[in-house]
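Worksheet: the structure to be examined is printed underneath.
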Amino acid sequence: GDTQIFLLWKSLSQILSRVLGAVKSQTQPRTFSRGVHTVTLIPGDGIGPEISTAVMKIFEAAKVPIQWEERNVTAIKGPGGKWMIPPEAKESMDRSKIGLKGPLKTPIAAGHPSMNLLLRKTFDLYANVRPCVSIEGYKTPYTDVDLVTIRENTEGEYSGIEHVIVDGVVQSIKLITEQASRRIAEYAFEYARNNQRSSVTAVHKANIMRMSDGLFLRKCREVAENYKDVKFTEMYLDTVCLNMVQDPTQFDVLVMPNLYGDILSDLCAGLIGGLGVTPSGNIGANGVAIFESVHGTAPDIAGKDLANPTALLLSAVMMLRHMGLHADAKKIETACYDTIRDKKVLTKDLGGNSKCSEFTTEICRRVQDMD
Amino acid sequence: MLYCSIKETTHTVTLIPGDGIGPELLNHVRELFRFSCVPLDFEVVNINSSITSEDDINNAITAIRRNGVALKGNLETNHTLPPSHKSRNNVLRYTGLDLYANVMRCQSLPGVQTRHKNIDIIIIRENTEGEYSSLEHESVPGVVESLKIITRNNSLRIADYAFQLAREKGRRRVTAVHKANIMKLADGLFLQCCREVASGYPDIAFDSMIVDNTTMQLVSKPHQFDVMVMPNLYGNVVSNVCAGLVGGPGLVPGANYGHNYAVFETATRNTGKSIAGRNIANPTAMLLASCLMLDHLKLHDYASMIRNAVFATMNESLLHTPDIGGQGTTSEMVQSVMRNIKSSGPLTTEL
């Protein structure tokens with residue numbers, strides 16, 4: 001009776017999700033091989049506009065078949081009193097599916113949630129992806145870093161659910177769901193496969209958080225079964241930290257829940273030189289992907305032509321790869337790396353004293369020379 | 001063997017061998033203490049991690065309560081067992097012993113090659129609550145909630161411990177590590193408590209840093225840090241990052257303090273399963289942990305003697321074990337420590 005109907009429903013939904021999953025993997029990665037493609041550009045605040053201009057100039061020099069649709073993102077109150085992003089921005093992104101974003105300022109006591117959070121919720125940006133590759137010519141104590149952190153970005157410790165139990169006792173809830181865990185694991189393995197990475201490591205603390213991290217780990221193990229071509233390992237978060245600072249070359253793709261991802265992705269950015277040179281991408285449901293620089297708005301140098309556009313540029317390169325425009329991506333990335341390696345034209349944070357526009361012009365020159 | 005002029009022992013401490021490399025390292029500690037005439041007796045309590053009964057853990061807790069002090073190896077946690085089977089290490093720490101402060105001093109050691117030099121950071125980690133509360137439930141099938149608890153009492157307590165220790169050791173600054181921008185209530189409470197305590201120590205500077213930025217700063221500019229205080233999970237992360245910076249898990253000792261009891265172990269609490277029984281484990285962390293224990297028992301002369309001997313051994317890179325890039329064995333290192341102790345002359349204690 002009821003049990004039979006429930007079991008029937010359960011198997012139908014499992015079949016349905018498998019079919020949808022298959023459809024999804026057929027549609028990803030999307031290839032944009034013909035025509036001009038629209039990308040929603042959100043310049044952001046502070047140094048955002050000038051580094052966005054730099055990226056646009058470089059893309060133009062490289063003749064990348066992209067047309068930019070600039071949109072601003074501020075928090076506005078919609079009908080019903082709910083905070084949302086401007087409808088023009090949402091409409092553009094829903095149409096183009098691809099976005100490039102500069103830093104957004106987080107006003108304190110503005111009464112609304114952070115813009116990044118709003119964007120995340122609007123487009124269900126569930127995966128934050130950060131490839132960390134050592135930049136030749138920008139020396140740090142760590143060399144040969146080449147790893148990718150994939151962070152579940154919707155739940156976990158950042159659910160925002162907190163209560164005061166009694167005076168002086170606070171409880172913060174970490175939420176782990178089967179669905180979100182499976183979704184991020186699937187993305188991680190797909191990413192590994194599509195980007196020729198050999199292994200995926202699930203990072204967890206299931207010895208301490210047996211049920212929550214245990215669930216996350218179980219889903220990773222299940223998904224791993226469908227990707228036998230990719231090696232799957234598991235490692236405690238603390239062991240990852242311990243090993244990462246001694247020998248980061250042992251790591252490839254790392255997948256993990258929200259907080260661990262937040263910490264590890266920043267740790268790894270530190271290994272290669274910081275947020276000024278680290279790209280980042282956010283993958284959403286419904287095919288939306290927003291690539292962004294993760295550094296701050298740097299209000300003290302805004303408008304002074306001093307900013308370093310590398311992080312936003314490398315994020316744009318990541319975006320090109322996501323769109324299947326691999327040749328353009330390689331061209332621009334090489335021009336950027338070569339400029340840094342040459343050390344003749346570098347912005348202040350990279351150790352030089354050139355302007356942002358000079359750095360940009362140099363990269364444009366190299367890009368044009370390659371043709 | 002040195003001639004031991006004092007035959008009677010002044011203290012008994014509990015020894016918990018644990019799993020992996022624990023037993024062999026603790027045997028070396030006993031061997032070294034015997035050799036150095038340290039007036040201590042060890043009461044060995046074995047805990048078998050593979051059985052699920054609570055008896056042996058309770059025995060250990062009773063023994064530690066009786067002796068007040070313990071030296072332990074790490075106990076393996078089988079995380080495929082159901083959640084009711086909690087991490088034995090945690091049960092020891094929180095239940096009944098209230099070892100609320102985990103203290104780790106990350107100091108660059110002479111003779112060890114690392115990317116960053118001259119690091120000397122003290123990490124104080126709240127050891128009883130936070131994310132380690134083990135309160136989880138499946139509210140709806142496929143949805144698990146894990147509770148992180150932060151209390152005013154424990155936050156004040158650990159902050160006070162941090163500032164007291166900083167003052168005692170002549171340190172200049174305490175940094176609170178948190179994520180209060182996201183966990184506004186929980187980490188917000190922790191931060192507020194730190195600020196309150198800080199105001200009572202005007203001689204010590206206080207600042208705070210968000211945990212993700214902290215790890216980024218640690219790998220690029222570690223020298224900006226002096227003393228750091230934080231809740232449980234961030235403590236786990238930061239401890240391991242710092243241990244890695246100074247050369248790895250084989251080098252750093254750790255201590256867990258409560259009002260009445262103290263338990264000493266290696267800082268990063270690794271079982272070292274893959275290197276157990278092969279005579280390649282680095283004994284430094286455990287030896288230095290035993291020195292911390294000796295200091296706690298006010299046996300300072302013995303502590304210094306052994307510590308100096310360990311540092312002298314570390315200077316000889318030929319003796320380094322594989323974890324720090326050498327090909328030496330555990331026993332060779334221990335022998336060297338004993339040689340250094342012998343050549344430093346006998347400890348003259350009052351007859």
Side-chain angles (χ1 to χ4, degrees), chain A residues 106 114 140-142 156-165 167-179 181 204-217 236-247 259-260 262-271 273-275, chain B residues 77 79-83 85-87 90 114-116 131-132 134-138 141-153 179 181-189 211-213 215-220 233-234 236-245 247-249 268-270:
Chain A
T106 310
S114 84
T140 66
Y142 300 89
E157 301 81 348
Y158 294 12
S159 311
I161 312 169
E162 295 189 294
H163 312 107
V164 176
I165 308 289
D167 190 30
V169 179
V170 175
Q171 155 187 305
S172 183
I173 297 183
K174 162 176 165 167
L175 208 66
I176 296 286
T177 65
E178 200 174 303
Q179 195 191 356
S181 303
H204 66 100
K205 274 205 81 62
N207 50 343
I208 303 298
M209 284 174 262
R210 197 72 53 79
M211 283 181 86
S212 47
D213 283 5
L215 173 59
F216 180 83
L217 207 53
Y236 289 140
L237 171 66
D238 39 356
T239 311
V240 173
C241 289
L242 183 62
N243 292 346
M244 183 70 77
V245 303
Q246 294 179 82
D247 178 23
L259 175 67
Y260 312 156
D262 194 4
I263 296 173
L264 271 182
S265 59
D266 271 10
L267 194 159
C268 294
L271 298 177
L275 300 182
Chain B
T77 304
H79 65 256
T80 58
L81 287 177
H85 180 83
K86 305 205 186 300
S87 155
N90 288 343
T114 52
R115 291 180 180 84
H116 309 275
E131 301 80 351
Y132 287 49
S134 290
L135 294 163
E136 296 182 291
H137 58 270
E138 190 167 11
V143 176
V144 174
E145 285 182 9
S146 181
L147 304 184
K148 162 176 166 168
I149 308 286
I150 297 285
T151 64
R152 194 174 155 71
N153 284 349
K179 190 86 192 166
N181 51 336
I182 302 290
M183 284 178 253
K184 299 184 161 77
L185 290 187
D187 285 3
L189 175 60
V211 61
D212 34 310
N213 187 25
T215 57
M216 189 158 44
Q217 296 296 322
L218 278 169
V219 298
S220 47
L233 180 68
Y234 312 149
N236 185 217
V237 169
V238 170
S239 306
N240 277 269
V241 170
C242 289
L245 291 178
T268 49
R269 304 168 175 171
N270 307 93

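Every chain is numbered from 1 and lettered A, B, ... according to where its sequence line falls, protein lines coming before strand lines.
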Checklist outcome for this item: In this structure, CG of A/Asp266 is separated from OG1 of B/Thr215 (nearest 0.5 Å) by 6.0 Å
Item to check | Distance-minimising heavy-atom pair for A/Val245 and B/Arg115 | outcome: O-NH1, 3.2 Å
Item to check | For B/Asn240, all residues meeting side-chain hydrogen bond (donor to acceptor under 3.5 Å, both in side chains), sequence neighbours excluded | outcome: none
Next on the checklist: For B/Lys184, which atoms come within 4.5 Å of any heavy atom of chain A: side chain, backbone, both, or neither?
Outcome noted: both
Checklist entry - Can you say whether B/His116 sits under 4.5 Å from chain A via the side chain, the backbone, both, or neither, judging by heavy atoms? => result side chain
Next on the checklist: So which residue, A/His163, A/Met244, A/Lys205, ends up with the most heavy-atom pairs under 4.5 Å with chain B?
Outcome noted: A/Lys205
Next on the checklist: Minimum heavy-atom separation for B/Val241 and A/Cys241, please, with both atom names.
Outcome noted: CG2-CB, 3.8 Å
Next on the checklist: Taking every non-hydrogen pair under 4.5 Å, which of B/Leu218, B/Val143, B/Leu185 racks up the most with chain A?
Outcome noted: B/Leu185
Item to check | Under 4.5 Å from any heavy atom of chain B - which part of A/Leu259 | outcome: side chain
Next on the checklist: For B/Leu147 and A/Ile173: C-alpha separation, side-chain torsions, deciding distance, then whether side chain to side chain contact (heavy atoms under 4.5 Å, CB included) applies.
Outcome noted: CA-CA 5 Å; B/Leu147 304 184; A/Ile173 297 183; 3.6 Å; yes
Checklist entry - Does B/Arg152 reach the main-chain N or O of A/Val170 with its side chain, forming a donor-acceptor pair under 3.5 Å? => result no
Next on the checklist: To check you understand the geometry: which heavy-atom pair defines the closest contact between A/Gly270 and B/Met216, and what is its length?
Outcome noted: CA-CG, 3.5 Å
Checklist entry - Quick one: of A/Val169, A/Ile176, A/Ile161, who has the most non-hydrogen atom pairs under 4.5 Å with chain B? => result A/Ile176
Checklist outcome for this item: Comparing B/Asn181, B/Val219, B/Asp187, B/Thr151 against chain A, the one with the most heavy-atom pairs below 4.5 Å turns out to be B/Val219
Checklist entry - How close do A/Gln246 and B/Gly248 get, heavy atom to heavy atom, and via which atoms? => result OE1-CA, 3.5 Å
Item to check | Under 4.5 Å from a heavy atom of chain A, the part of B/Glu131 involved | outcome: both
Next on the checklist: Would the distance check show the side chain of A/Arg210 and the main-chain N or O of B/Glu136 forming a donor-acceptor pair, the cut-off being under 3.5 Å?
Outcome noted: no
Next on the checklist: If I measure from the heavy atoms of chain A, does B/Leu135 come under 4.5 Å with its side chain, its backbone, both, or neither?
Outcome noted: neither
Checklist entry - If you tally heavy-atom pairs under 4.5 Å against chain B, which of A/Leu275, A/Thr140, A/Asn243, A/Asp213 wins? => result A/Leu275
Checklist entry - Can you list the steps and then say if A/Asp238 with B/Arg269 is a salt bridge (charged side-chain N to carboxylate O under 4.0 Å, His left out)? => result CA-CA 10 Å; A/Asp238 39 356; B/Arg269 304 168 175 171; over 6 Å; no
Item to check | side chain to side chain contact (heavy atoms under 4.5 Å, CB included) between B/Asn270 and A/Leu242, worked out | outcome: CA-CA 11 Å; B/Asn270 307 93; A/Leu242 183 62; 4.1 Å; yes
Item to check | Heavy-atom contact with chain B under 4.5 Å, split by part of A/Leu215 | outcome: side chain
Checklist outcome for this item: When rounded to the nearest 0.5 Å, the distance separating NE2 of B/His137 from OG of A/Ser212 is 11.0 Å
Next on the checklist: Under 4.5 Å from any heavy atom of chain B, what part of A/Ile165 do you find: side chain, backbone, both or neither?
Outcome noted: neither
Checklist outcome for this item: Residue set satisfying ring-ring contact (aromatic ring centres under 6.0 Å, His included) with A/Tyr142, at least two apart, ordered chain then number -> none
Checklist entry - Once you round to the nearest 0.5 Å, how far does NZ of A/Lys174 lie from NZ of B/Lys148? => result 10.5 Å
Item to check | Most chain B-contacting option - heavy-atom pairs closer than 4.5 Å, from A/Leu267, A/Val164, A/Val240 | outcome: A/Leu267
Checklist entry - How long is the gap from CD1 on B/Ile182 to OG on A/Ser172, to the nearest 0.5 Å? => result 10.5 Å
Checklist entry - Rounded to the nearest 0.5 Å, how far apart are OH of A/Tyr236 and OG1 of B/Thr268? => result 14.0 Å
Item to check | Euclidean distance, B/Glu145 CD relative to A/Gln171 CD, rounded to 0.5 Å | outcome: 8.0 Å
